[in-house]
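Here is the naming used below: chain letters follow the sequence lines, and residue numbers restart at 1 for every chain.
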There are 2 protein chains.
Amino acid sequence: MDSPAPTAKPVRARRSQEQRRRDMRHVLIEATLDSLQAGGYHGASLGDILARAGVSRGAWAHYFDSKLELVAAAAEAMLQGSVAQAADIAADIGAGVPDGGAPAEERLAALLEAVWRRFYQGRHRDVLFELAVACRTDAALRARLAPVFAELLAALGGAWGHRFRPRGDAPAMDELMRLTVYMLRGMAMQEAVSGGDGGGAALRRQWARLLAGLVEPAP
Amino acid sequence: MDSPAPTAKPVRARRSQEQRRRDMRHVLIEATLDSLQAGGYHGASLGDILARAGVSRGAWAHYFDSKLELVAAAAEAMLQGSVAQAADIAADIGAGVPDGGAPAEERLAALLEAVWRRFYQGRHRDVLFELAVACRTDAALRARLAPVFAELLAALGGAWGHRFRPRGDAPAMDELMRLTVYMLRGMAMQEAVSGGDGGGAALRRQWARLLAGLVEPAP
DNA sequence: AAAAACAAACCAATCGGTCTGTTTTTGCAA
DNA sequence: TTGCAAAAACAGACCGATTGGTTTGTTTTT
């Protein structure tokens, strides 16, 4: 029929060992993130993760020495992906609007929405909170993730910190950024726990309006 | 010697059964909160809780049908205590300052610090985050705690919502309150995870200053 | 004496991790 | 190219430890 391969055995593409490694690690990491989102840190057991990945225990053991290493690898993969996305956001916001084109409020609102969508919604948000809370009481996990967390925060700050400057006697740019991040984080936790959207969009819009009165485009 | 009791057996005060019930529930609930703070939701095993409480498994079973009920009872006790404290804060801030005495910024800063101290520090903060995150993936726990969470938020809002009103075209009082709560929450999570204080006090002060420009004392 | 409060042994289920054995890929010799 | 042994990749049974929960029996209050 449609079997050009000489063997009639179950069709299994021949993959190089390097390809296998990449595939397997990717599948395991994705399953780990899915499991963390679905069941939380305490629900993400090896059994659940391996079932989602369709991977045997032995195969897992071949790639990771412990569950901590798998979770840490998954967290690093997700957070490092976020660092790259933060740079994208900076580029998107910087471009698209000719200098002085749109009023600062619109640019700020767009920036806020972009950050919100990519970092404080969906799986990224859920896993972020699970890991952050788990880090509080798990020193080993915290040691592994602390540098990546810090890197993400710095990248996020770089996305907009140097595109605006405080106006008059407004708080320093760094302080405004932290206020913004904390606010988004608290809002995200509210929505993660309570479920649906609780009018967060309107609130972010108000915050953009307030910010617009406090900053001006950097020269 | 100093044993006025007629029996030479280990001195054990005779307590009424009602007293016993109260004591035992209190001890178990306190131990549960301590365990949640120390080990997180996934580290708060029955074994750890009972060891902290110095209570046998059988005694525990006499009072709670499942671990969920114990955790829920502990959460309710803590959150309901917080609701009462929220009212105290409202009273403290309202009194002490004769009408128009201190400038709005000082009153707001004091309010912010009071709320911060009582709700976003120490065991209360840690347990709050553990439970909130656990609720996301535990429907039974969420069903039990959602009403108490909502009650706390309302009580916290009542503490200051009606003492100020937005100035000019500032956001509605309700929106300013949610912005504030979210900001404090995000800041608290930062400190819970990263450990020490990261300049949060200065940031809260800045926020009070911004708020002062947006609200005025209600008539 | 009855009931409530308490203690501790016990249980099945599940956890992370290891062990042994099989299949697939690879490097090299013929 | 083909043959083939070593190595890597993979599968699943197995293990002790720990989990939440139950059961049986003793002490204290009523």
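- At the phosphate of D/dC10, neither OP1 nor OP2 sits under 4.0 Å from any side-chain N or O atom of A/R57.
- Listed by residue number, A/Q17, A/R20, A/R21, A/M24 are the residues of residues 16-29 of chain A with a heavy-atom contact under 4.0 Å to DNA chain D.
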**Q.** A/M24 vs A/R20, side chain to side chain contact (heavy atoms under 4.5 Å, CB included): CA-CA, chis, key distance, verdict
**A.** CA-CA 6 Å; A/M24 182 63 83; A/R20 283 190 173 201; 5.9 Å; no

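- Under the 4.0 Å criterion applied to side-chain N and carboxylate O atoms, A/D48 and A/R52 are assigned as salt-bridge partners.
- The NE2 atom of A/H62 sits 13 Å away from the P atom of C/dT25 (whole-angstrom rounding).
- A centroid separation of less than 6.0 Å is found between the aromatic rings of A/W207 and B/W207.
- Here the rule is side-chain contact (heavy atoms from CB on, under 4.5 Å) with A/M78, and of A/L152, A/V127, A/V148, A/L36 only A/V127 fits it.
- Residues that satisfy the side chain to side chain donor-acceptor pair (under 3.5 Å) test with B/D88, not counting sequence neighbours, are absent from this structure.
- Ionic pairing of A/R144 and A/E69 is not present here: no N-O contact between side-chain nitrogen and carboxylate oxygen is shorter than 4.0 angstrom.
- Applying a 4.0 Å cut-off to non-hydrogen atoms, none of the residues of residues 35-53 of chain A approaches DNA chain D.
- Looking at residues 64-72 of chain B, you'll see B/S66, B/K67 sit with a heavy atom under 4.0 Å from some atom of DNA chain D.
- The residues A/E130 and A/R123 are annotated as not salt-bridged, no charged nitrogen and carboxylate oxygen being separated by less than 4.0 angstrom.
- Contacts of B/F129 classified as ring-ring contact (aromatic ring centres under 6.0 Å, His included), with partners at least two apart in sequence or in another chain: none.
- Applying the Watson-Crick and G-U wobble criteria (two distances, each under 3.5 Å), D/dT30 pairs with C/dA1.
- For C/dA4, the OP1/OP2 oxygens have no side-chain nitrogen or oxygen of B/Y63 closer than 4.0 Å.
- Judged as a ring-ring contact (aromatic ring centres under 6.0 Å, His included), and not counting sequence neighbours, the contacts of A/F119 are A/H124.
- With no hydrogens or angles considered, a side-chain donor-acceptor pair links A/Q190 and B/R185 at under 3.5 Å.
- Residue B/A59 has its side chain nearest to C/dC6 when only C/dG16, C/dA9, C/dC6 are considered.
- Counting only heavy atoms from C-beta on, A/W60 has its side chain closest to C/dG17 among C/dG17, C/dA7, D/dA9.
- Here B/R15 reaches the OP1 or OP2 of C/dC6: one of its side-chain N or O atoms lies under 4.0 Å away.
- Between the side chain of A/R142 and the main chain of A/R136, a donor-acceptor pair closer than 3.5 Å is present.
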